[in-house]
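These numbers were taken from a predicted model, which means no experiment stands behind them. Worth knowing before you read on, the calculation uses all heavy atoms, side chains too, and leaves out hydrogens, waters and symmetry mates.
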Amino acid sequence: MSKIMIITEKPTAAKKIAEALDEKGSPKEVQKRKASYFECSRNNDILIVVYALGHLFELKQTEPGWKYPRLDTEWVPKYEVIKKDKSSKPLINLMNKLAKDIDQFIVATDYDIEGSLIGYLSLVYACNAEPNKATRMIFSTLTKKDIVESYESPSSLDFPMIDAGQVRHEVDWLYGINLTRALTLSVKNVAGWFKIISTGRVQGPTLSFVAKRDYDINVYVPTPFWGIKIIGEYEGTKLEIEFEKKKIETLLDADNIVKDLRNTSATIKAINRRKRTQSPPSPFNLSGLQSEAYRHFGFKPSRTLALAQKLYLDALISYPRTSSQKIPESIDVKQILKNLETRKKYSAEAKQILKIEKLIPKQGEKTDPAHPAIHPTGNKPTRRLTPSENKLYDLIVRRFFALFGEPAVKESIRADLVSGKHKMYLRGLRIIEYGWMRYYKPYAYTKEKEIPSIIEGESLSLTSIEREDKFTSPPARYNPSSLLKVLERKNLGTKSTRSGIVDSLRSRGYTLNDTFEISTLGYATLDTLETYVPRVLSIEFTRHLEEEMGQIQDGAQRREEVLAEAKRDLLTLLKTFKEQEKEIGQALVAGLQRYWKAKEELGPCPACEDGTLIIIKSPKTGKRFVGCTNYREKKCEQTFALPQKGIITPLEKECPHCGHIMFQVRSGRRKWETCVNWTECPGRQEDIQELEKRRKQRSEKKEDKK
DNA sequence: GCAAGGTC
């Protein structure tokens, strides 16, 4: 009898592996203070299944000081670097203690670069085990079959993969930490202000994409063009008719067309009908879910990820950080549908789908080595979901339903009309078969457009002809969802990190509001990097790193060589940077000053024409209030009182009650939104009542518990 | 006080 330790990446994986390997299928979960592990028996062996929580170890500089350059690092427990982290210590301590009388170690983390590294570091630094004697379980799904097979035919640790992972961490650390410090300290040394100005392998290109778009919009010159708006009539029904050309280049041409068509009728020359089938959509992977949730609910991708994580922890949906669009056969879709059938909200659709003889879900193209596509588990919620959680859950359930639907069939009709030398079109669209759209209902919509039944040779009168004056428009600004898609397409960041990186542009102050308009600070940072470190702005940096990681995995390069080269390059960069620190600092300070100034403005003054509202600190009383920029010259007397505590950030919206500007107040852990007119606003009375009501409910609940 | 990558 021997004692075997299996190291996994996360608690849910540990549980599944323990259940699959335990002879009775019911492993014992042993609680140890703030951590736990699973114990099972198999073939007279005792299996101890422990879990990490992603990375438990981090890189730390070996030399002290918040300075640059810092080129040497070592692996240390996460809690040594991140003060707030409370979870890594109990897990590392538990592994350390349990490892003392283990005969055999098995790494069973996700089979990818980061997973292999997580396993290796836990093995070496938490368990003090000899990695050459440990083995590796390799599985692609957490099904009993895969787990048992991988347990029975173990491999050795994949050292080239682990090396590649280490290099990824080290290069990102070297560039990210050193350049961020260089930027930040240049400002500190020039102006004495401490404001983190960050960059990195992914942040750099992301900022540069947004800047490129901002630039394209700023230099865009709209050109005029003209359109023709035609309303026709057929047996008393008014019809919108499309002119053959959507864009007419000159005013003269447009006017001539209007003249030609006025008071005429058009003859129907041909009627074209085309049937088109539309297959069901693919199962959700994380980015698909994020993009759909943004479209329908306006949720930022980072919010969708956070909500999905909660649903996953409540066992309502499968693991959300997946890139797979496949529902493998091992998932019992019938059981999931049966469970959903018991829910009033979903029973009708589930019942209908369960009538289908062979339940085969639609599959998408993308795969993931570790997890299937996002799908509901069918479990009933054990608590009341928040409105946002409910929305996201509903979207996931209905998308799952849609996978079993028939293709939708649409028919488009185009009637070709002629009047004199001009051609026009009358278009209609109708849905013949709803198919999967029935199941995905609120989230699948096609505008149907009815047209009367007409036949070739008939004519209809053109009752109104109007010229439309238009301008071409610049490219659209990014939104959180479209920017995330760009990162995905360029293979920058990962499914778990992209949404956070998109948010970081805003939280660092590189962009204003959520419109991805670049701030003066963003421009100054970009300018500096372009001049001194263009490499960190290009996606080539990532491509090069990927290449070298590949070579390490193929055995064509050694980790130490790649690292030495990275350090050498970085050191020359940092040297020139330090020599120019003063100029760099001055440029960044200028951008920062203008950024802060820009931020202080809350919006137009409601009382006068040319003023803007700003936050003013009274020199006499020291109290802050909102006033008009014309207040100081006594041209405008508009003022609003402000709460005296907390950080105030203006919001891009108006109060629904009084129309005044809204802002957010953050005081300690609390934050709330209110309008600038809060002392007078009628809506605030309602808010106060609402707050009172909630407070009462809360205190009642507390009493109930007692 | 910093990166990017896992995870809760």
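- As judged by a 4.0 angstrom heavy-atom cut-off over every strand, A:Y312 is placed among residues touching the sugar-phosphate backbone only.
- Under 4.0 Å is where a charged nitrogen must lie from a carboxylate oxygen, and between A:K578 and A:E581 no such pair does.
- Rounded to an integer number of Å, the gap from A:I7 CD1 to B:dT7 C1' is 16 Å.
- Of the N and O atoms on the side chains of A:E58 and A:H169, not one donor lies less than 3.5 Å from an acceptor on the other residue.
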Pair A:E29-A:S36, side-chain hydrogen bond (donor to acceptor under 3.5 Å, both in side chains): steps then yes or no: CA-CA 7 Å; A:E29 181 169 6; A:S36 72; 2.7 Å; yes
Encode nucleotides 1-6 of chain B as B, S and - characters from 5' to 3', where the letter depends on protein heavy atoms closer than 4.0 Å: B to the base, S only to sugar-phosphate, - to neither. BBBBBB
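- The aromatic ring centres of A:F209 and A:Y478 sit 6.0 Å or more apart.
- Between A:S155 and A:R136, the side chains place no donor N or O within less than 3.5 Å of an acceptor N or O (distance only, hydrogens not considered).
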